[in-house]
S.K.: 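Below is one structure. I have some questions about it.
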Amino acid sequence: MEQTNLDTWKTTLTGEALLFGLLGKVLYQDLDKAWLEMLIHEDVFAEVPFGAEQTEVSRGLELLSRWSDENRKGISEDEFKAIKQDHLHLFIGIDKVLAPVWESVYFSEKRLVFQEQTMQVREWFSRFGLQAERLNREPDDHLGLELSFIAHLASLAMQAIDSDDKEIFEKTLQAQCNFLQEHLLRWGPVWAKLVKQEATTDFYRGIAHLVHGSLQEIAETLQIEMPKEVRL
């Protein structure tokens, strides 16, 4: 393992872990006003550690920076209500879920959850020592969990570099490639396009652009040919 290449990989993997970890948390955890205000206070959306050259990422940062500036003095009750309403319409649904956050829905004619993809993702998590937080109560193939899984694999690869373990390093990079090809790249961009089309807040439009751009960047980084996207 050449040191120059390792230093480059470590920088890349650190950026992956930070960005995918953040996006996973934003999309999976319950909405929390204080946490959103912390993101604004710490200027989290001023720049990104991964994919900064991607047009989608730049657009996401533009929207999220504008949203942050508008709420710099605190998120008003009206703004928080708007974000919660956007979340409800996009991901939970009134008459129809506009942008489902579970992979299985994209591969089921009846838009069902807990399907084959859910079990496949559960197996992937288990293989690397993880288990969905709400096991059997919510599908494992939640977009937030899948993004967080990529962050986890990036962290394992960084640990392998520190331990000078070439075998584990290559194993985790290959796992990223396989998981992305089999799962996240097949439906994540479709989800992002739906949110960009249907969202009513800069916050969720910005997050969708970041997700889309980060997936494009990791595909380029790992030299993955983008799989054919599913049609919902």
S.K.: Do other residues, nucleotides or ligands put more than 12 heavy atoms under 6.0 Å from the NZ atom of K171?
M.R.: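 Count not over threshold, so no.
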S.K.: Could you report the tightest heavy-atom contact between A219 and M226, atom names first, then the distance?
M.R.: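 The answer is CB-SD, 3.5 Å.
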S.K.: Indicate yes or no for a side-chain donor-acceptor contact from H212 to the backbone of A208 under 3.5 Å, with no hydrogens or angles considered.
M.R.: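 Not confirmed, H212 side chain does not pair with A208 backbone.
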S.K.: Nearest heavy-atom pair of C177 and L222: which atoms, and what distance?
M.R.: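 That closest heavy-atom pairing would be SG-CB, 3.8 Å.
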S.K.: In terms of ring plane angle, is the pair F203 and F45 parallel, tilted or perpendicular, where the classes change at 30° and 60°?
M.R.: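 F203 and F45: perpendicular rings.
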S.K.: Among side-chain atoms of E103 and Q120, is any donor-acceptor pair under 3.5 angstrom?
M.R.: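 No.
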S.K.: Assess the side chains of D140 and T118: does a donor N or O sit below 3.5 Å from an acceptor N or O?
M.R.: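 Judged by distance alone, the side chains do not pair up.
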S.K.: Is the closest basic N to carboxylate O distance between K196 and E56 below 4.0 Å?
M.R.: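 Yes, charged N to carboxylate O under 4.0 Å.
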S.K.: In plain terms, say whether D7 and K10 are close enough for a salt bridge, that is, a side-chain N and a carboxylate O under 4.0 Å apart.
M.R.: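 A salt bridge is absent here (no side-chain N lies under 4.0 Å from a carboxylate O).
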S.K.: Parallel, tilted or perpendicular: which one describes the rings of F125 and F149, with boundaries at 30° and 60°?
M.R.: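 Aromatic pair F125/F149 classed tilted.
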S.K.: Return the minimal non-hydrogen interatomic distance between D202 and W67, and the atom names on each side.
M.R.: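 Closest approach of D202 to W67, heavy atoms only: CB-CB, 4.1 Å.
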S.K.: Hey, can you tell me if H142 and Y28 have their rings parallel, tilted or perpendicular (30° and 60° cut-offs)?
M.R.: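 Taking Y28 first and then H142, their aromatic rings stand perpendicular (interplane angle over 60°).
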S.K.: Check whether any side-chain N or O of H209 sits under 3.5 Å from a backbone N or O of L63 as a donor-acceptor pair, and report yes or no.
M.R.: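 No, the answer is negative, given that no donor and acceptor are paired below the 3.5 Å cut-off.
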S.K.: Show the nearest heavy-atom pair for residues Q117 and H183, with the distance to one decimal.
M.R.: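 Shortest heavy-atom contact: O-CE1, 4.2 Å.
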S.K.: Could you report the tightest heavy-atom contact between S65 and A46, atom names first, then the distance?
M.R.: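 Heavy atoms of S65 and A46 come nearest at OG-CA, 4.3 Å.
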S.K.: Compute the ring centroids of F91 and Y204, then answer whether they are less than 6.0 Å apart.
M.R.: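 Between F91 and Y204, the centre distance is under 6.0 Å.
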S.K.: Tell me if a side-chain donor or acceptor on S126 pairs with a main-chain N or O of R122 at a distance below 3.5 Å.
M.R.: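 Between the backbone of R122 and the side chain of S126 there is no qualifying donor-acceptor contact (under 3.5 Å).
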S.K.: Parallel under 30°, tilted from 30 to 60°, perpendicular over 60°: which one fits the rings of F169 and W9?
M.R.: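 Rings of F169 and W9: perpendicular, over 60°.
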S.K.: Any donor and acceptor pair, going by atom type alone, linking the side chain of S163 with main-chain N or O of Q159 inside 3.5 Å?
M.R.: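 Yes; judged by distance alone, with no hydrogens or angles, the pair exists.
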S.K.: Does atom CD of E123 have more than 12 heavy-atom neighbours from other groups under 6.0 Å away?
M.R.: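 Result for CD/E123: enclosed.
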S.K.: Is it true that D69 and R72 make a salt bridge, defined as a side-chain N closer than 4.0 Å to a carboxylate O?
M.R.: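 Result for this pair is yes, salt bridge flagged.
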S.K.: Would you compute the distance between atom CD1 of I150 and atom CD of E16 and round it to the nearest 0.5 angstrom?
M.R.: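 I150 atom CD1 to E16 atom CD measures 7.5 Å (nearest 0.5 Å).
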S.K.: Can you tell whether the side chains of E62 and R59 come within less than 4.0 Å, N to carboxylate O?
M.R.: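 Salt bridge flag = yes for R59 with E62.
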S.K.: How many angstroms lie between OG1 in T201 and CG in D86, if you round to the nearest 0.5 Å?
M.R.: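 Spacing of OG1 (T201) from CG (D86) equals 3.5 Å.
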S.K.: Nearest 0.5 Å, what's the CD-CZ distance between Q174 and F179?
M.R.: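 Atom-to-atom, Q174:CD and F179:CZ are 14.5 Å apart.
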S.K.: Have a look at F50 and tell me which of T14, L210, T12 forms a side chain to side chain contact (heavy atoms under 4.5 Å, CB included) with it.
M.R.: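 Of T14, L210, T12, side chain to side chain contact (heavy atoms under 4.5 Å, CB included) with F50 is met by T12 alone.
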S.K.: What distance separates D141 CG from L184 CG, expressed to the nearest 0.5 Å?
M.R.: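 Answer rounded to 0.5 Å: 11.0 Å.
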S.K.: Within this structure, what is the CD-OG1 distance for the pair E167 and T172, rounded to the nearest 0.5 Å?
M.R.: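 The CD atom of E167 sits 11.0 Å away from the OG1 atom of T172.
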S.K.: Rounded to the nearest 0.5 Å, how far does CG of L215 lie from CH2 of W187?
M.R.: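 The distance works out to 10.0 Å.
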